[in-house]
Amino acid sequence: MKIQNVRIAVCAVAAVITFSGMGLTASAAGDVNSVLPSAGIDYSMAPSEKSTSLSDMKEDVKREESKDLTASTAEVAVKGTDEIPIGGMLESSTPSTISEKKIEQTIVVSEGYTKDLREASNAAKLREEEEGFKNLVIAKVSNYVNVRDIPSEDGNIVGKLYDKSVGTFIEETDGWYKISSGSVEGYVKAEFCVTGDAAVELAKEVGTRIATVTTTTLKVREEPGMDTTVLGLVPIEDQLIVTQELEGWVKVNIEEGDGYVSNEFVTLSTEFVKAESIAEEQARLAKEEAARKAAQEAARKKAAEQSASSSSGESSSESGKTYAPPSGSASGQAVVDFALQFVGNPYVYGGTSLTNGADCSGFVMSVYNNFGVSLPHSSAADRNVGATVNGLENAQPGDIICYSGHVGIYVGNGQIVHASTSRTGIIVSNASYRSILSIRRIF
C-alpha cells in the first residue's frame with residue numbers, strides 16, 4: 001500500500017524533472033504558461049483536464065506522504081531498503097522525507113545538466129567551425145584576384161574572388177590554389193591569398209557572424225538574463241550581426257542599441273563573400289539595370305497619376321492628414337522629399353503607416369510604395385533589392401541604407417531618414433552612426 005504511494009510520489013517527481021527539461025526553474029511556482037513567455041518567445045499550452053503546475057505536484061506528494069505512515073514503514077522494511085531512486089539520485093525513504101527542498105534540488109540539478117549540455121554542444125560547434133577555417137582560401141588584395149581555369153596566367157578567367165572573399169581549398173599546384181567558391185571552381189595565385197593557420201584568424205575578421213531569429217518574436221534584452229529589461233523586439237527570420245558570444249547568450253546590435261539574445265532562439269552562422277563567375281557578374285549587372293529602369297518607369301507613371309490628381313483638386317492623404325505629392329519626374333531626391341514630410345511621426349513595431357506609425361522597413365516600404373515600387377517588409381530582405389552601391393561615399397539621395405536589423409533612406413550629406421525607435425519615432429540621423437551592411441539603389 002505505501003509502496004504504491006511511494007511509486008506515485010516518484011512518478012510525480014519524474015514529471016517535475018520532465019518539465020524542468022523544458023526550461024523550468026526552481027522558482028517556477030506558477031503554471032507552465034506563466035514561465036515560458038519570459039524566455040523570449042510566445043508559447044501557449046492547451047488546457048488539460050488535470051493541472052500540471054509545480055505547486056500541484058508538490059501538494060500531490062504531500063498528500064501521498066501523509067497516508068498510512070505506520071503501515072508504510074513496515075512495508076518499506078519488508079522491501080529491505082531505505083533508499084528510493086529519484087531522478088538518478090538516492091533519497092532516504094523514511095516517512096515524509098520526499099520534501100519540497102529535494103524536489104527543487106532535483107529540478108535545479110536537471111536544469112543545470114541540460115544547460116551544461118547545450119553550452120558544451122555550442123562550444124563544440126564553434127570549435128568545429130573554426131577548425132574548418134583552416135581549409136579556406138581568403139583573398140588579400142586591393143580589389144579582386146582572377147580565378148582561372150588552369151594554374152597559369154594564360155588560363156581563361158572564369159570568375160573573380162574579391163578582397164576578403166572566401167573559397168574552399170582543394171589543392172596547390174606551382175604557386176596556385178585550386179578553390180571552390182560559390183559556383184566558381186578554378187585557380188588563384190597563392191601570393192594574393194592566405195590559407196591554413198593564417199586563414200583561421202583572418203576568417204574571424206572578414207566573416208560576418210550572423211544570428212538568424214528562429215522564433216516568432218524575439219526579445220532583445222539590455223543584459224544577458226531572462227529577467228533583464230527588454231530593449232527591443234525582432235521578428236522571425238531577421239538576421240542580426242553578432243558582436244560577442246557568451247555562455248548561452250550573444251550580443252547583437254539593433255536600432256535601440258546593443259543588446260543580448262538567448263542562443264536558444266537563434267541559429268548562429270558565419271557568412272563570407274564568395275567568388276562571382278563571369279556569367280553571374282554579367283547577369284547581375286543586367287538585372288540591376290533592368291530593375292532600375294522598371295522602378296523608374298513605375299515611379300514616372302505614379303508621379304504622372306499624382307500630378308493629374310493634384311491638378312484636379314485631389315490629394316493623397318492618410319488618416320486625415322494631407323500631403324502634396326512630389327513634383328517632377330521620379331528620382332531619388334523625390335523619394336527623400338516625400339519621406340521627410342513624415343519626420344516626427346511615431347515608430348510602431350510591425351507598422352506600415354506613415355502617419356500613425358511604422359517600423360524601419362515598414363517606413364521604407366511605404367515611402368517607396370508611393371512611387372509604385374514594391375519592397376519587402378523586412379530589413380534583411382531589403383539588402384537584396386535594387387542595385388549594389390559600393391560605399392557611402394558613392395550613395396545618392398533615395399538609396400536604401402541597410403544595417404543589422406535596421407534600414408533607412410539616404411538623404412544626402414551623410415544623413416538618413418528612418419523610423420528609428422519607439423522613443424524617437426521617425427527622425428533624421430547620421431548615416432554612419434552604425435556599421436553599414438549594404439547600400440541599395442532603386443532609382
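A 4.5 Å side-chain heavy-atom check between I138 and V206 finds at least one atom pair inside the cut-off. Using a 4.5 Å cut-off on side-chain heavy atoms (C-beta onward), I436 and L392 make contact. Contact of the K189 side chain with the R148 side chain is not registered, since no non-hydrogen atoms from C-beta on lie closer than 4.5 Å. Counting heavy atoms from C-beta outward, I400 and V364 have side chains that approach closer than 4.5 Å. Using a 4.5 Å cut-off on side-chain heavy atoms (C-beta onward), R221 and V261 make no contact. Using a 4.5 Å cut-off on side-chain heavy atoms (C-beta onward), I439 and C402 make no contact. Side-chain contact between I409 and V367: present, with at least one pair of heavy atoms (C-beta onward) separated by less than 4.5 Å. Annotation: side chain of Q244 is not in contact with side chain of V250 (no heavy-atom distance under 4.5 Å).
Under the 6.0 Å cut-off for aromatic ring centres, Y368 and F443 qualify, their centroids lying closer than that. Y177 and Y187 have their aromatic ring centers separated by at least 6.0 angstrom.
With hydrogens and angles ignored, the 3.5 Å screen pairs a side-chain donor or acceptor of D163 with a backbone N or O of V141. Between the T421 side chain and the T424 main chain, a donor and an acceptor come within less than 3.5 Å of each other. With hydrogens and angles disregarded, a donor-acceptor distance shorter than 3.5 Å links the side chain of T214 to the backbone of F265. With S262 contributing its side chain and W249 its backbone, the two residues share no donor-acceptor pair below 3.5 Å. The backbone N or O of S404 lies less than 3.5 Å from a partner atom in the side chain of R434, making a donor-acceptor pair. Judged by distance alone, the side chain of N345 and the main-chain N or O of L354 form a donor-acceptor pair under 3.5 Å.
Residues D149 and G155 come closest through the heavy atom pair OD1-CA, 3.3 Å. For the residue pair Y349 and T217, the shortest heavy atom distance occurs at OH-CG2, 4.1 Å. Taking both residues in full, the closest heavy atoms of T352 and S366 are given as O-OG, 2.6 Å, listed atom of the first, atom of the second, then distance. For V348 against N356, the heavy-atom pair with the smallest separation is CG2-O, 3.7 Å. The two atoms that bring A199 and F133 nearest to each other are CB-O, 3.6 Å, heavy atoms only. The heavy-atom pair separating I416 from A431 by the smallest distance is CG2-CB, 3.6 Å.
In this structure, K140 NZ and S165 OG are separated by 14.0 Å, a value rounded to the nearest 0.5 Å. Between the CG atom in D399 and the CG atom in N394 there is a gap of 9.5 Å [rounded to 0.5 Å]. Between the CD1 atom in I241 and the CG atom in D258 there is a gap of 12.0 Å [rounded to 0.5 Å]. The structure places OG of S142 at 9.0 Å from CZ of F192, a figure rounded to the nearest 0.5 Å. Residue S277 holds its OG atom at 8.5 Å from CD of Q282, rounded to the nearest 0.5 Å. Once rounded to the nearest 0.5 Å, the distance linking CD of E185 with CD1 of I179 reads 9.0 Å.
Summarising the local packing, CG of N413 is surrounded by 12 or fewer heavy atoms from other residues, nucleotides or ligands at distances under 6.0 Å. Crowding of E172 atom CD: a count of heavy atoms from other residues, nucleotides or ligands under 6.0 Å exceeding 12. Under a cut-off of 6.0 angstrom, the local environment of OH in Y144 is sparse, with at most 12 non-hydrogen atoms contributed by other residues, nucleotides or ligands. Other residues, nucleotides and ligands place more than 12 heavy atoms under 6.0 Å from the CG atom of N143. No more than 12 heavy-atom neighbours from other residues, nucleotides or ligands sit within 6.0 angstrom of CG on D174.
A donor-acceptor contact under 3.5 angstrom links the side chains of R209 and T270, judged on distance only. The closest side-chain donor-acceptor pair between R440 and T388 falls under 3.5 angstrom.
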Original post:
For V385 and I442, what are the C-alpha separation, side-chain angles and deciding distance, and is it a side chain to side chain contact (heavy atoms under 4.5 Å, CB included)?
Top reply: CA-CA 8 Å; V385 301; I442 303 300; 4.0 Å; yes
Subject >> Worked verdict on V417 versus V336 for side chain to side chain contact (heavy atoms under 4.5 Å, CB included) >> reply: CA-CA 8 Å; V417 57; V336 170; 5.5 Å; no
**OP:** Report the C-alpha distance between V252 and V220 in whole Å, list the side-chain angles of each, state the deciding distance to 0.1 Å, and finish with yes or no for side chain to side chain contact (heavy atoms under 4.5 Å, CB included).
**Re:** CA-CA 8 Å; V252 298; V220 182; 4.2 Å; yes
Subject >> Intermediate values then yes/no, side chain to side chain contact (heavy atoms under 4.5 Å, CB included), Y410 and Q396 >> reply: CA-CA 7 Å; Y410 189 62; Q396 296 178 4; 5.6 Å; no
**OP:** Begin from the C-alpha positions of H418 and S429 and carry the test side-chain hydrogen bond (donor to acceptor under 3.5 Å, both in side chains) through to its verdict.
**Re:** CA-CA 8 Å; H418 59 137; S429 304; 2.7 Å; yes
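The side chain to side chain contact (heavy atoms under 4.5 Å, CB included) test with I278 singles out one residue from E281, E280, E276, and that residue is E281.
Between Y403 and H406, the two ring planes are tilted [angle within 30° to 60°].
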